[in-house]
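Model, not experiment: these values are computed from the prediction. All chains are named by letter (A, B, ...) in the order of the sequence lines, taking the proteins before the strands, and each is independently numbered beginning at 1.
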2 protein chains.
Amino acid sequence: MGDRPATAARARPGPAILELVCCAVVDGRLAVLTERGRTARGGTLPWSPLDPAGPLDASAARWVRGLLGRAPGWMTQLGAFSTGGRHPSGAVLTVVYVAVVPSDTEPPAGFAWSPAFEPPPLPPRRQWVLDAAVAGLRDRMDLAPIAFRMLPATFTLSELQRIYELLLGRRLHKASFRRALQAAFLVEPTDAWRSEGRGRPAQLYRYAPRKRRGVRRPVRFELLA
Amino acid sequence: MGDRPATAARARPGPAILELVCCAVVDGRLAVLTERGRTARGGTLPWSPLDPAGPLDASAARWVRGLLGRAPGWMTQLGAFSTGGRHPSGAVLTVVYVAVVPSDTEPPAGFAWSPAFEPPPLPPRRQWVLDAAVAGLRDRMDLAPIAFRMLPATFTLSELQRIYELLLGRRLHKASFRRALQAAFLVEPTDAWRSEGRGRPAQLYRYAPRKRRGVRRPVRFELLA
DNA sequence: GATAATTAGTAGCGGGCGGACACTAAGTCA
DNA sequence: TGACTTAGTGTCCGCCCGCTACTAATTATC
């Protein structure tokens, strides 16, 4: 297995595609963009043939921007996976990207928001990719402004906290959440307030991160295995 | 192994390859496995044509095991990148894997350990991949037993701490490091001691993680951007 | 209107963790 | 024998994080 063929053409794989897990919070639940009624075995995720010219991230960004009609709030590559030869496109290799968009993003024609935690029946490989994508969001949300990009330009701190709770899958304590947020210099208050249903109106904030260079985490051993 | 015509690459994605960033601690420095004298523009990383059958992780694991003569201590996929059409194989897509092996691993014929932080001249894309790989190790070493798998079966706690310091790029405090390690139930002492040069002999430990279910991290906002 | 209910936001307490210093232990080297 | 080097531990202290309890401001209900 360590040998190389005389010509690269021998092991030439079939075409590769891009696949997108696009997440948003819709109706208070985490939702993912799916193409409906695509195959008998279940829905598909948005996909596109891969443009091999230029950086992959740039190609993916262009495609997603065209698909959604707007640039995603945040996007990253999840990884490459073999399709097992079962993807409708005939591709054997798929590079999966994960994106988040604000709640008010309209799904493109032919697509719909599906609940990420009770999605419509998906083929096992795509279900696995979806789970991995949500886990990837959860793992990175303390290093990248993922939650902030799932919100409009101004938002209440309760809305922000709800996004964190949805992605983390557990309740958070209000006071602790706000204290940590304040210490991180990530948001600044606006002079606007919003009254939503019952209860006291909430102040609106905007995402305005300050410098904060060189925050060194303590070493932690959190491996469970 | 000449370049593939640009038209063929544009018509459909050309072949893809696997590329490996294999790290170890050699002579007290972080080292990466490189193939020497491969091209005039600089060294290359180990690579192989991609086997499109079966899961990518399994294909990569088989290849790396054959290359090194032993299974890597730990391995994960870093991501997929376009080569810019400049890889000697003619591939336009490369899937990069990162692996770590213990210090006593002999480089295969034609390969050598190069210092990861002052590597031989590498083409810019490969240099970028190498940097991203080291950063990936640093980011994941508190969630995966990366440091432990760069050591032999038994090791001293000072050796373990030195691996953390190399990957994190900063000194750690001995007492704090051991306290956190103890609290995580990751190692157990053996009854062997090792005297290395001057100073008091150090007790040898082995990696023996215990259960530790459900350690919930506090929410932290560490995004700098 | 008065009162309850609901949501927003803050104050303060207490435990635990992590960084620092200081110390002991046990070997090598002159 | 004493200086030096490395291993390993005890302890203090400040800060972070979770919790409880409180105030503030609006809507719903009678």
Side-chain angles (χ1 to χ4, degrees), chain A residues 25 28 141-142 147 151-152 154-166 168-206 212 214-223, chain B residues 25 28 141-142 147 151-152 154-166 168-206 212 214-223:
Chain A
V25 171
M141 70 186 308
D142 56 345
L151 291 168
T154 65
F155 49 86
T156 72
L157 297 190
S158 294
E159 290 173 331
L160 180 65
Q161 180 175 341
R162 248 170 244 132
I163 306 249
Y164 271 85
E165 292 177 337
L166 276 176
L168 294 175
R170 62 186 172 102
R171 303 296 305 270
L172 300 176
H173 291 271
K174 187 170 50 169
S176 302
F177 181 81
R178 288 165 187 239
R179 205 173 8 188
L181 195 59
Q182 188 113 17
F185 296 99
L186 289 178
V187 296
E188 68 181 20
T190 70
D191 52 359
W193 296 68
R194 176 194 297 161
S195 182
E196 194 129 24
R198 288 183 280 280
R200 169 176 170 176
Q203 190 166 16
L204 293 179
Y205 287 76
R206 85 166 52 87
R212 293 236 318 146
V215 259
R216 50 177 47 176
R217 288 186 302 172
V219 178
R220 295 200 172 177
F221 303 97
E222 286 167 8
L223 35 163
Chain B
V25 171
M141 69 185 308
D142 55 344
L151 291 167
T154 66
F155 49 86
T156 72
L157 297 190
S158 293
E159 289 173 332
L160 181 66
Q161 181 175 342
R162 247 170 245 132
I163 306 251
Y164 271 85
E165 291 177 339
L166 275 176
L168 294 175
R170 61 185 172 104
R171 302 296 305 271
L172 300 176
H173 291 271
K174 186 170 50 170
S176 303
F177 181 80
R178 289 166 187 236
R179 207 173 8 190
L181 195 58
Q182 188 111 19
F185 296 100
L186 290 177
V187 296
E188 67 181 19
T190 71
D191 52 358
W193 295 68
R194 176 194 297 161
S195 182
E196 195 130 22
R198 288 183 280 280
R200 168 176 170 177
Q203 189 166 16
L204 292 178
Y205 287 76
R206 85 165 52 86
R212 293 233 315 145
V215 261
R216 49 177 49 176
R217 286 185 303 172
V219 178
R220 295 200 174 179
F221 303 96
E222 287 167 9
L223 35 163

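- Residues passing the side-chain contact (heavy atoms from CB on, under 4.5 Å) test with B:Leu166, sequence neighbours excluded: B:Val25.
- Protein atom CH2 of B:Trp193 is 12 Å distant from nucleotide atom C1' of D:dT6, rounded to whole Å.
- Summarising the geometry, the separation between CG on A:Leu157 and C1' on C:dT10 is reported as 13 Å, rounded to the nearest angstrom.
- The minimum heavy-atom distance between A:Arg170 and B:Val219, with the atom names listed, is NH2-CG2, 4.4 Å.
- Residue B:Glu196 is out of contact with every strand shown, counting any heavy-atom pair closer than 4.0 Å.
- Using a 4.5 Å heavy-atom threshold, the side chains of A:Asp142 and B:Arg217 count as touching.
- Remark: A:Pro152 engages no residue in a side-chain contact (heavy atoms from CB on, under 4.5 Å) (not counting sequence neighbours).
- Heavy atoms of A:Thr156 sit nowhere under 4.0 angstrom from any nucleic acid atom.
- Distance B:Gln161 CD to C:dG18 C1': 14 Å, rounded to the nearest Å.
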(Q) Protein within reach of the bases, or only the backbone? For nucleotides 21-30 of chain C, mark each nucleotide 5' to 3' as B, S or -, using heavy atoms under 4.0 Å. (A) ----BBBS--
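- Of all heavy-atom pairs spanning B:Gln161 and B:Leu172, the tightest one is NE2-O, 3.1 Å.
- B:Glu159 has its CD atom 10 Å from the P atom of D:dG8, to the nearest Å.
- One interatomic measurement links the two molecules: CZ of A:Arg216 to P of C:dG19, which rounds to 9 Å at whole-angstrom precision.
- Whole-Å rounding puts the A:Arg194 CZ to C:dT6 P distance at 22 Å.
- With sequence neighbours left out, A:Arg198 forms a side-chain contact (heavy atoms from CB on, under 4.5 Å) with no residue at all.
- Residue contacts shown for A:Arg217 are absent, as no nucleic acid heavy atom lies under 4.0 Å away.
- Using a 4.0 Å cutoff on non-hydrogen atoms, the parts of residues 176-184 of chain A near DNA chain C are A:Arg178, A:Arg179, ordered by number.
- A:Tyr205 places its OH atom 12 Å from the P atom of C:dA8, with the value rounded to the nearest Å.
- A heavy-atom distance below 4.5 Å is not found between the side chains of B:Arg216 and A:Leu168.
- Taking only side-chain atoms of B:Pro218, from C-beta outward, the nucleotide of C:dG9, D:dC17, D:dG8 with the closest atom is D:dC17.
- Among residue pairs with one or both ends in residues 179-193 of chain B, those qualifying as salt bridge (charged side-chain N to carboxylate O under 4.0 Å, His left out) are B:Glu188-B:Arg206, B:Glu188-B:Arg210; sequence neighbours excluded.
- One can place CZ of B:Arg170 at 7 Å from P of C:dG19, the figure rounded to the nearest angstrom.
- Contact check for B:Arg162 versus B:Leu160: no side-chain heavy atoms found under the 4.5 Å cut-off.
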